[in-house]
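Taking it in order: structure first as structure tokens, then the write-up.
Residue numbering restarts at 1 for every chain, and letters A, B, ... go by the order of the sequence lines. As the structure is a prediction and not an experimental result, all values here were calculated from the model.
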2 protein chains.
Amino acid sequence: MKINSNIRYGLRAIIEIANSPKPVLQREIAERQEISLNYLDSIIAGLKNSGLIVNSGGKGSGYILAKKAKDITVYQVYCAFSPDLQLVNCFCDTNECQRSNNCPSKDYWFELNSKIKELMSSKTIKELMNNDILINQ
Amino acid sequence: MKINSNIRYGLRAIIEIANSPKPVLQREIAERQEISLNYLDSIIAGLKNSGLIVNSGGKGSGYILAKKAKDITVYQVYCAFSPDLQLVNCFCDTNECQRSNNCPSKDYWFELNSKIKELMSSKTIKELMNNDILINQ
DNA sequence: TTTACATCCAACTAATTCAGTTGGATAACT
DNA sequence: AGTTATCCAACTGAATTAGTTGGATGTAAA
């Protein structure tokens, strides 16, 4: 079990945006977070397409959060880069496992899955922000 | 985030062993769980090398749990096939990330990591066993 | 209006991991 | 001796990861 780079970088990027008193350019995020600008491109796209960040007003003007930091969860950031969490395929729609109806391990994985989702859904970007910054809350 | 096949099959195999009133052969597990006998080989090796199961009395005699089902956790099964859970490398020994000292996302991943470990450590094989079976507890 | 900057976007790639398979050694039981 | 069971290492195709490359497009400053 690993958290992939998209999600790790995505979380760092959105925290960077949340912490900034003014709109932030991709380049600034890339520099501060030491992520290749090109790679960050797709990270920003993920956050943007998921409706978590927006361009503040046309090109070159920088990114801001699309909603309040307290209303953005880590799980939303996770889902910007991965489909809904499914630790195993046993409970996927496309699953054809015959044993599914009576499988104690499947039940356990499902339970664990729910709890992990819950853990990620209950942490907001606001809680991960720099305490000094009091905007965007 | 996915649970890999080794761990999924390993959990199923050890539940199978726990549920059985008598020692179980690899072949029997393979048949009942519909896992290729050859592949199961390495699964059994993992469980055995981690001290979770033992040969009940030399070759051909079948496997039994090495300790009581209530003393074997899902996390122990996890660790039979993967190193200690580390969702991200930020807190690995070999990590050289400079930002580590003051990184809110690192702190969050660490917290999540601990909680997931806890969730896996607090579930025992006994809880996953068939209720009808009352041995090995 | 040209030019520089910034974003958008698709295709490519090397390296690693996954999910097994193959094949054989060894050991015990019949 | 032959069958069965376990042990063990090497191999493999497919998929995923973690990016890079290169260019199109759109905006704003010079």
Has B/Asn55 got a side-chain atom pairing as donor or acceptor with B/Tyr63's backbone, closer than 3.5 angstrom? no
What's the verdict on salt bridge (Lys or Arg N to Asp or Glu O under 4.0 Å) for A/Lys117 and A/Asp84, showing C-alpha distance, side-chain angles and the deciding distance? CA-CA 9 Å; A/Lys117 263 196 207 179; A/Asp84 200 43; 3.0 Å; yes
Please encode protein proximity along nucleotides 16-22 of chain D as a string of B, S and -, counting only heavy-atom distances under 4.0 Å. --SBBB-
Between P on C/dT7 and CD1 on A/Ile43, what's the gap in Å once rounded to a whole number? 15 Å
Salt bridge between A/Glu111 and B/Lys123, side-chain N to carboxylate O under 4.0 Å? yes
Is A/Ser20 reaching over with its side chain to a backbone N or O of A/Glu16, donor-acceptor style, under 3.5 angstrom? no
In whole angstroms, how far is the C1' atom of C/dT7 from the CG atom of A/Leu25? 10 Å
Please check this pair: side chain of B/Asn49 against backbone of B/Ala45, looking for a donor-acceptor N/O pair closer than 3.5 Å. yes
So what does A/Ile44 touch, heavy atoms closer than 4.0 Å: a base, only the sugar-phosphate, or nothing? nothing
Compute the centroid of each ring, for A/Tyr9 and then for A/Tyr39, and state whether the two points are separated by less than 6.0 Å. yes
Rounded to the nearest Å, what distance is computed from the CD atom of residue B/Glu28 to the P atom of nucleotide D/dT4? 14 Å
Report, one pair per line, the protein and nucleotides 13-15 of chain D atoms (nitrogen or oxygen only) whose separation is under 3.5 Å.
none

Select base, sugar-phosphate, or nothing to describe what B/Tyr63 touches, counting heavy atoms under 4.0 Å on all strands. sugar-phosphate
Could you state the CD1-P distance from A/Ile35 to C/dT7, rounded to the nearest angstrom? 14 Å
Expressed as a whole number of angstroms, how long is the span from A/Leu37:CG to D/dG23:P? 17 Å
List for me each residue that meets side chain to side chain contact (heavy atoms under 4.5 Å, CB included) alongside B/Ser82, sequence neighbours excluded, and say none if there are none. B/Asn4, B/Ile7, B/Tyr78
Any sub-3.5 Å donor-acceptor pair from A/Tyr75's side-chain atoms to A/Leu85's backbone N or O? yes
Provide, to the nearest angstrom, the distance between the CG atom belonging to A/Asn55 and the P atom belonging to C/dA6. 13 Å
Give the rounded distance in Å between these two atoms: CD of B/Glu34 and C1' of C/dG20. 17 Å
Donor-acceptor contact present, side-chain B/Gln76 to main-chain B/Thr73, <3.5 Å: yes
What is the distance, to the nearest angstrom, from the CG atom on B/Leu40 to the P atom on C/dT21? 12 Å
